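Heads up: the structure comes next, in structure tokens.
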Number of protein chains: 2
Amino acid sequence: MSEPHRHPQVPHVTLDAVARTAGVSPATASRALNGTTRVRDELLRRVRAAADELGYIPNAHAQALASASNNTVGVICHDVADPYFAAIASGIMASAAERGVLVMLASTFRAPEREIAYLSMLRAQRARAVLLIGSGFQDPAWERALDAELTPYLRGGGRVAVVSRHRSLRVDTVLPENRAGAAALARALLALGHRQFGVLSGPGRLTTVADRLAGFRQGLAEAGVRLADGRVVEGAFTRDGGYEAASELLRRGPRPTCVFAVTDVMAVGALAAFRDHGLRVPEDISLAGFDDIPLVRELTPPLTTVALPLTGMGRAALDLALREPRGPRSRVERIVGEVRVRASTAAVG
Amino acid sequence: MSEPHRHPQVPHVTLDAVARTAGVSPATASRALNGTTRVRDELLRRVRAAADELGYIPNAHAQALASASNNTVGVICHDVADPYFAAIASGIMASAAERGVLVMLASTFRAPEREIAYLSMLRAQRARAVLLIGSGFQDPAWERALDAELTPYLRGGGRVAVVSRHRSLRVDTVLPENRAGAAALARALLALGHRQFGVLSGPGRLTTVADRLAGFRQGLAEAGVRLADGRVVEGAFTRDGGYEAASELLRRGPRPTCVFAVTDVMAVGALAAFRDHGLRVPEDISLAGFDDIPLVRELTPPLTTVALPLTGMGRAALDLALREPRGPRSRVERIVGEVRVRASTAAVG
DNA sequence: GCGCTTTCTGAAAGCGATTTCCCGGCCTGA
DNA sequence: TCAGGCCGGGAAATCGCTTTCAGAAAGCGC
């Protein structure tokens, strides 16, 4: 009878083992492998040879513990499946790859308690930096809880950067010029002759939403056009949220000639809703979004939007967080969006 | 004159500090916080109180070192910005969130050496499991290097699962039934009356590509339809790759009545290419893809495709890798795709 | 040839937890 | 009442590495 199948669980190769087969002390082995100090050439060769003969892989935990350094950063976003976050995350990954840092990515799925939980885990991991992507949560209690997590982390030497989010704490920030962008978009839409607008807005009092809405209003106001409150419909920051909001807007009537969705993702839903209501875009109704996520170029018609350099913003956030020397002041990188007029908006009449 | 701004760099709160303020030994503090052993209720309360008074956050590295356990898993994919990977990653994240594990996510940007490098880093981190998402690299040398990295990891007790990828090693696998799916798609297209096909295929000899191609051919063959080699154009696994391949296919003429792109992402590019060449889909040419990434439902026309439960596959991969007890045999979870006929394919006149 | 740097190397002390190991009470049964 | 268990808690070893600290060897000027 044969033994039950075994999992031999070979122990890991340690630095001591490497040192022993190389015939040097662990101290020397460490120095040789890390290049911390000059080591006699022969010993260096011997250590290296031993290391890859044994297939030595340093234990990152031991390294982190001993040296109080660490090669990981954390990223917290709402959902990687959302193209907006995916694009930003991709930029972060690119920068991380160049720096040789490992990224711990967490999706909150829009649950504030998860954001806090993850932050705590990242603190436990002693992540060099934490990036918070996307708007925060409306509830001031959660924001306070977040700050309570963030403050000691910062004091402990952690770096924090946020993207598209306002913080009360002084942390590095990558911030789209939402107001200006939306205002510019409004002007572009006005230039097409539109006067009757509708807006699909995001949830609650997210600053991103508030800014884009305010900017849009301001752009209209410059031309003396007013946006009635009834013309603004709130929805979730998702494709389906956009669909619902657009449907609601149509239900409310009278139908605007042009609709602005505060994010492209919502605009995607809106486009579907309009179609399902038998409306042609842009002939019957124009539609514009914000962000310029890659997929909107593939829509029919391609979406007019305010383009944000999403992957660049991701890069910038990590670069900001990990910059050396660490400046005394936190930095704010302002990103100006660029209006891209595409076929989803047409001139009226 | 004021001091230059300082970064006081407060030291971390350690378990010893907690133990001291609670008036117990570190051993007891550890036991109290982890619930490893019964601890007298009063001590337990004192320790807990001390811990959150001081804002104690355990050092995950010390924990990992001491207990040889670890709460992180690694995921290696090609690019999170690709909706295919984003969807899978989202499923992984969801499962990870429930389990309280932290995910280290790495994008190779399709560079094989980066895949190896990341795997090595994840080994150093002693990740409990590593998930490899998406097809491997053609080069057998790289695959060998990968196995050389994987083998000791497995021996060391690491878990590995792969998604949409064939491994020579015995690792858990989530594998779409590419052949069957493509064959089913072929039958559906034949049922629409198509006989002249073109295929936009992926790079080199990726098994995913080979299987889908073979399945498609087989499905056609059952009806006595042959697909000439000249009707198969290779392109990169990207939107632009699809665009190029589609353009090349048209250039080669005579134009097929129906085109199958081996991935939806490529199909998106193909759709744009057809449009740019003045062709209407599906009136002039039908188009089908594979994967059913969310965005294809938003296209005009919505894309006929073979639907894969992408986020479910991500979940399954993590669940497979972390299942307890660890079975002696590796498991293969076969995913059957479901043909979804949408408006991008029409019956031929 | 002698003292004094400079270089290189090894011994040993941490880093911050977990986990034996062990001991002192207290409970139980005879 | 006493031996034997059980239970809770402290001391100390341990995880695998980095980094002082100090010593040995080598180089140098006088």
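Chain letters run A, B, ... following the sequence lines, proteins first, then strands; residues in each count from 1. Just so it is clear, the structure is predicted and the values come from calculations on it, not from any experiment.
Of the charged side-chain nitrogens involved, at least one lies within less than 4.0 Å of a carboxylate oxygen, so that Arg159(A) and Glu324(A) count as a salt-bridged pair. A salt bridge links Glu115(B) with Arg165(B): the distance from a Lys NZ or Arg NE/NH1/NH2 to an Asp or Glu carboxylate oxygen falls below 4.0 Å. Under a 4.0 Å N-O distance rule, the pair Glu143(A)/Arg167(A) qualifies as a salt bridge.
Here the nucleotide nearest the side chain of Ser25(A), chosen from dA17(C), dG10(C), dG14(C), is dG10(C). Closest contact between the side chain of Asn59(B) and the listed nucleotides dG16(D), dT19(D), dA17(C) involves dA17(C). Here the nucleotide nearest the side chain of Ala27(A), chosen from dT18(D), dT19(C), dA12(C), is dA12(C). Side-chain atoms of Val24(B) lie closest to dG10(D) of the nucleotides dG16(D), dG10(C), dG10(D).
Counting to the nearest Å, the C1' atom of dC17(D) and the CG atom of Asn71(A) are 15 Å from each other. In this structure, CD of Gln63(B) is placed 19 Å from P of dC17(D), rounded to the nearest angstrom. Distance His61(B) NE2 to dC15(C) C1': 11 Å, rounded to the nearest Å. Here dG16(D) presents its P atom at 14 Å from CG of Leu54(A), a figure rounded to the nearest Å. Atom C1' of nucleotide dT18(D) and atom CG of Leu15(A) are separated by 9 Å, given to the nearest angstrom. The separation between Asn70(A) atom CG and dC17(D) atom P is 16 Å, rounded to whole Å. A straight line from CG of Asp16(A) to P of dA12(C) spans 14 Å, rounded to a whole angstrom.
In summary, the side chains of Asn59(B) and Thr14(B) do not present any donor paired with an acceptor at a separation below 3.5 Å, with no hydrogens or angles considered.
Between Leu65(A) and Pro26(A), the one whose closest nucleotide on DNA chain C sits nearer the 5' end is Pro26(A).
In this model, the phosphate group of dA17(C) is approached by a side-chain N or O of Tyr56(B) to a distance below 4.0 Å at OP1 or OP2.
Rounding to the nearest 0.5 Å places CG of Asp16(A) at 9.0 Å from OH of Tyr56(A).
Applying a 4.0 Å cut-off to non-hydrogen atoms, the residues of residues 28-43 of chain A that approach DNA chain C are Thr28(A), Arg31(A), Arg38(A), Val39(A), Arg40(A), Leu43(A), listed by residue number.
Contact annotation: the side chain of Phe85(A) never approaches that of Ser107(A) to less than 4.5 Å [non-hydrogen atoms, C-beta and beyond]. Looking only at side-chain heavy atoms (C-beta outward), Val75(B) and Leu131(B) come within less than 4.5 Å of each other.
The residue Ala68(A) sits apart from the nucleic acid: no heavy atom pair falls under 4.0 Å.
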